[in-house]
Each structure stands twice: as C-alpha cells, then as structure tokens.
Number of protein chains: 2
Amino acid sequence: MAMRIVVLAGGIGGARFLLGVRAWARGHDVAVTAVINVGDDVTLHGLRICPDLDSVMYTLGGGADSERGWGRAGETWTIKEELAAYGAEPSWFGLGDRDVATHLVRTRMLDAGYPLSAVTEALCARWQPGVRLLPASDDRVETHVVVPSSDGAGGEAAIHFQEWWVRHRGALAAKRFVFVGAESAKPAAGVLDALADADVILVAPSNPVVSIAPILAVPGIREAVVAGRAPVVGVSPIIGGAPVRGMADRCLAALDVECSAAGVGALYGSRAGGGLLDGWLVDTSDAAAIVPGVVVRPVPLWMKDEMATEAMVREALTLAGVADD
Amino acid sequence: MAMRIVVLAGGIGGARFLLGVRAWARGHDVAVTAVINVGDDVTLHGLRICPDLDSVMYTLGGGADSERGWGRAGETWTIKEELAAYGAEPSWFGLGDRDVATHLVRTRMLDAGYPLSAVTEALCARWQPGVRLLPASDDRVETHVVVPSSDGAGGEAAIHFQEWWVRHRGALAAKRFVFVGAESAKPAAGVLDALADADVILVAPSNPVVSIAPILAVPGIREAVVAGRAPVVGVSPIIGGAPVRGMADRCLAALDVECSAAGVGALYGSRAGGGLLDGWLVDTSDAAAIVPGVVVRPVPLWMKDEMATEAMVREALTLAGVADD
C-alpha cells in the first residue's frame with residue numbers, strides 16, 4: 001500500500017517544500033496530501049482570494065512567478081490600473097490579471113454554494129499539482145493582527161493580516177494575532193481522514209505564527225495530529241536566527257518567542273509534552289539547537305533548488321522512520 | 001433656463017448619436033439626459049455586465065474602441081484566456097481585461113446594495129461623459145429571445161439576448177422577444193422626472209426592437225413620454241432598407257415589420273394615434289417614406305463623424321421646434 005504523507009503548509013515556503021516532497025514521492029509509492037492555511041484569505045473587490053492555496057497551486061502547477069515569489073508567471077496588471085482609475089479601494093493589493101481569473105472562478109463557485117475544498121479541487125483540475133491540496137477549513141478562519149490604534153490614544157485595532165503585511169509591510173508592531181472564526185470552524189472535508197490515515201506528518205518550513213498556527217487553530221486538527229499514529233516532523237523556517245523569507249521574526253516577537261530554530265521548535269513543543277513534534281530539522285548552522293523532548297537533526301535547510309529540497313525531505317522522512325537513510 | 005433634452009438610446013448607435021447631441025449641446029445652454037436600455041445586461045462569471053450603459057459611457061468618455069465598435073480601446077484579453085484554461089463557461093462572450101475592472105466595480109457596488117443608477121453615476125465620475133446617463137430601470141429587465149428549441153421537436157426555447165446575438169450571431173430565427181422582469185420593473189430614479197421636465201425627447205437611431213422597446217416596456221416610461229409636454233422626434237436606424245449596423249433586420253422580421261424607415265416609423269406610431277412620435281428623421285435616400293400622422297423629414301443620416309451627427313441632431317431639434325433651422 002502506498003505511503004501516505006500529510007504536509008501542513010502555508011504559502012511560498014510551503015509551496016517550495018512541497019516541490020521537494022513531490023519530487024521524493026515520484027521516486028516512491030507515495031500519496032501526498034497538503035493541508036493549507038486559509039488565514040490569509042481575503043475578499044477584495046468582491047473576489048475571494050486565497051493566497052496560500054494559490055501559491056501552492058501555481059508553484060506545483062508550474063504557473064508561479066518564482067522570481068517575484070508570488071502570483072502568476074507572465075502576469076499583467078491592467079485590472080489593477082483600471083481599478084485605481086475608478087478610485088476603487090483597496091489599491092495596495094497586487095491583483096494581477098491572470099490571478100483575477102482564478103479568483104473569478106473561485107468566487108463564482110463559492111457563490112453557487114460549493115465549499116472551498118471542492119473549489120480547490122476544481123481549480124487543480126487545470127493545474128495538476130500532483131499533490132492533493134486541502135484547505136485547512138471550508139469555513140472562515142481569518143488572521144487579524146492587533147496593532148496600536150492609529151489615533152495614538154493607546155488603544156488597539158485589529159486589521160486583516162493582508163492589510164498588516166501587504167499594505168503596511170509589517171511595519172506596525174503586532175501585539176497579537178487572532179484567527180477570526182476559528183472557534184466555530186470545522187476541518188475541511190478530507191482533512192481529518194488524511195491525518196488519521198497518515199504514515200507521517202510533516203510541518204513545512206512556513207511561518208509558525210500566521211501559517212501553521214491558523215491551521216492548528218481549527219478545532220479537531222491539532223487533536224488529530226497529536227493523537228494520530230503518524231510521527232510528526234517539522235522543518236525550521238528559521239536559519240541562523242532569521243526567517244528564510246517573510247515576516248516570521250516580527251510575528252515571533254509578538255509572541256515573545258526567540259527567533260531561532262530552537263525557539264520555533266519549543267513553540268511547537270514536544271509531543272510527549274503535549275506539543276506537536278517528534279522530530280525537528282534545523283539547518284547545519286543551527287546544530288546546537290536543543291528542543292526538550294524532540295529529536296533535533298541538523299541538515300542543510302536552504303531550498304535552493306528542487307533537488308536540495310528533496311534531500312531535505314528525505315532527511316525529514318528518515319528522522320520520522322518512514323524512509324531509509 | 002437651460003433647455004432639457006432627453007434621449008432614449010441603446011448601445012453603439014445610441015452612443016454615436018449622443019456624441020452629436022453633446023456636440024450640439026456644447027454650443028448652447030442645454031442639459032442632456034440619456035435613458036439607456038438595460039435589456040442587454042447579463043451576469044457572466046459572477047460579473048454584472050451592462051453593455052449599452054458601458055458602450056455609451058466609454059464612447060462619451062473617450063475610452064471606447066471605435067474600430068471594433070464595442071468595449072475599451074487598448075483592450076487586452078488575459079482574463080478571457082485564463083477563464084478558458086479553467087474551462088469556465090460561457091467562453092463566447094468578449095470579456096476584456098479593462099472591461100472586467102468596470103464590471104468588478106459595478107458588481108461590488110450592486111452587491112453592497114446600491115441601485116444601478118447610483119453605480120452608473122459613480123462609474124461616470126471617472127469617465128465624465130458630459131451627459132447624464134440613467135439606466136431605464138434599476139430593476140431587472142432582461143431581453144430574452146424565443147427561438148426554435150434545439151431538439152428539433154418543434155418546441156420553443158427562450159435564450160438571453162446576448163446568447164442569441166453574441167454566441168449564435170443572430171443565426172437562430174427569432175420568434176419573438178420577451179423582456180423578463182419588465183412587468184414589475186420601475187423606472188430608475190430620475191427617469192420620470194427627466195421625461196416630465198424635458199423640452200424635447202429624441203429617440204436615437206438604435207434598434208427599435210431590442211434597444212428602444214425594452215426601455216418603453218418599463219411601466220411608466222412610455223406613458224411619461226406620450227403624456228408629456230415635450231415633442232418626440234425619432235431618428236431612423238434603417239437607411240435604404242438595411243440597418244446601419246447590428247441586427248435590426250432580424251429583429252423586425254420577428255415582428256413582421258418591414259425593415260425600412262417607414263416600417264420602423266410606423267412601429268413607433270404617431271403620438272396622435274396612440275404611438276410615440278411627433279417627428280421622424282429619415283435618410284435622404286428614404287425621402288419617399290410616409291408615416292401616418294408623423295412629420296417625416298429626410299436629412300443625411302450617416303453618422304460618419306461627430307460633425308455630421310451634430311447636424312443630424314440639429315435637424316431633429318429643428319423638427320421638434322426647439323432649435324432654429
């Protein structure tokens with residue numbers, strides 16, 4: 001029977017990691033399911049936008065702009081210019097023409113009553129990612145960032161993650177993150193079954209605070225990971241005290257967590273201690289990292305190409321005991 | 001006090017005629033209101049599309065593609081290609097990228113609860129058409145075409161006007177036209193006041209069956225035109241037995257109306273006889289046309305440029321008795 005790998009992942013980092021997982025899987029008898037963060041999802045100009053799902057779908061489908069790091073290759077920006085000419089807000093979001101077509105198809109299907117998981121499957125019929133993509137939830141789980149209110153009176157305001165990151169470029173000091181809707185959200189169809197049937201669960205080197213945490217915040221998902229029979233191995237998104245990309249440092253600061261491989265490992269925590277991890281891959285430069293109760297293995301973590309990422313994935317699977325060294 | 005002109009108009013023909021009305025108005029103290037057909041409006045890919053309002057708005061705003069005859073100048077087709085790549089239907093509608101931005105702004109405002117008339121005003125803040133544009137109705141008045149059913153069993157099927165015209169290129173024999181929703185529709189805010197206050201009402205050389213008739217089908221509009229104090233002068237869309245552009249010939253055939261300047265004039269009918277018209281402009285080549293009870297005046301009707309169209313408008317206004325010869 002095929003080995004079953006489940007990966008918890010966010011956007012770009014998750015997408016690149018999944019390229020390595022898929023590469024490894026192609027050489028073996030393996031089915032891969034990726035459970036993707038939906039906390040970044042947002043409705044703009046009436047369009048439902050799912051940045052992490054799309055990053056993964058475009059990347060695995062060969063349609064991503066790998067230089068810019070997000071959105072579609074060969075993208076054009078006519079719609080964005082036209083919306084600006086109408087004075088339609090917000091104008092700070094990078095809404096490419098090709099991307100808009102994806103959002104139109106998605107929004108129309110959602111409006112027709114299809115759950116996001118079914119919409120994602122329909123979109124993937126075009127992209128053929130080679131990996132089963134599941135949103136963490138079909139319900140709204142929206143990451144908001146609590147920041148100082150702009151009136152300077154010492155109060156607080158909560159803004160959508162996209163507004164914090166894209167509009168303000170993460171410059172506003174984040175006090176905390178709130179996953180709006182998480183309490184009443186349910187795991188998307190297929191997520192709990194995938195976790196229950198998994199032979200191994202990998203946590204991609206995605207942002208622990210705004211990519212992985214919103215997945216685990218959906219009631220039932222963390223429990224399924226922790227209680228399942230599959231070993232759980234994470235990959236550090238921090239190398240040498242800095243995030244490989246993105247704003248994990250600013251997010252970790254809001255939680256008073258040290259921005260280091262050891263810090264993130266401890267944030268996830270050992271499974272024995274009620275946390276998530278059995279194993280934790282850190283970069284060779286972080287070989288001294290210790291996470292109590294977790295087997296830490298230093299390996300090269302730079303995903304400089306698919307082959308390097310595949311090697312990293314093999315190390316994770318070996319650490320989990322499901323692949324030979 | 002400024003003279004008040006109200007024009008009943010459809011899309012392209014109406015837009016070009018309005019260029020002439022605006023040109024004439026600029027030399028005088030005149031306020032122009034155009035009441036535009038909404039029967040062509042359609043929702044595709046979740047976007048609310050108003051072809052006639054947009055044709056007029058783009059044309060008067062200097063953003064229309066005058067060679068193609070519809071849509072935006074400098075249009076690109078990325079969205080259309082992408083939707084086709086997803087297999088999203090329908091694929092037969094020409095949905096340009098620039099155009100999509102207009103539809104996004106409109107759809108979002110409609111979803112937020114604004115009536116189409118308010119949305120049109122908002123869009124016109126960008127385009128500055130120099131003419132007040134009013135949709136005939138804020139309600140749904142949708143032209144459907146009754147055609148033979150495709151199973152060949154002798155039955156009938158009703159399809160949206162856009163499907164008949166754009167998808168089938170008008171090749172299916174139209175049995176009749178139905179204005180879905182017209183019975184319960186109300187004139188858009190401002191329409192009845194404009195008609196009551198008008199010094200003259202012009203019927204643009206638009207398709208009488210699918211552009212002008214759906215306007216008049218909104219309860220209250222025909223009555224306001226007929227009962228008002230303003231003289232009503234129409235301009236024939238038929239020159240020498242053929243429509244200047246479009247499918248008026250096929251539409252008139254469905255009504256058993258002769259495709260001629262006299263035929264369309266008689267279809268509108270004389271005001272004295274319970275119809276619409278006081279005066280009727282026909283092309284000089286149709287000088288022999290007679291419409292019982294209506295003053296017919298032959299003048300050059302080819303709108304080959306704005307100056308020629310302005311001259312035509314002056315003739316219409318002169319015939320109405322509101323401009324000097």
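All heavy atoms count here, side chains included; hydrogens, waters and symmetry mates do not. Quick caveat: nothing in here was measured; it's all calculated off a predicted structure.
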Side chain, backbone, both or neither: which part of [X] has an atom under 4.5 Å from a heavy atom of chain B?
| X | answer |
| --- | --- |
| A:Leu123 | both |
| A:Asp111 | neither |
| A:Thr76 | side chain |

Greatest number of heavy atom pairs closer than 4.5 Å to chain B - which of A:Ala88, A:Gly74, A:Gly46, A:Ala85: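 Option with the top pair count is A:Ala85.
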
With A:Glu75 as partner, the option from A:Leu95, A:Asp99, A:Asp65 fulfilling side chain to side chain contact (heavy atoms under 4.5 Å, CB included) is A:Asp99

Identified side chain to side chain contact (heavy atoms under 4.5 Å, CB included) partner of A:Trp164 from the options A:Val145, A:Thr143, A:Val210: A:Val145

Answer with yes or no whether the side chains of A:Arg48 and A:Thr43 bring together a donor and an acceptor at under 3.5 Å.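 Side-chain D/A pair, A:Thr43 to A:Arg48: present.
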
If you count heavy-atom pairs under 4.5 Å between each of B:Val105, B:Leu83, B:Ile79 and chain A, which one has the most?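 Top option by heavy-atom pairs under 4.5 Å: B:Ile79.
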
Salt-bridge present (A:Glu89, B:Arg108; N to O < 4.0 Å):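 No.
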
Thinking salt bridges, do B:Arg22 and B:Glu310 make one under a 4.0 Å N-O criterion?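 Salt bridge: no.
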
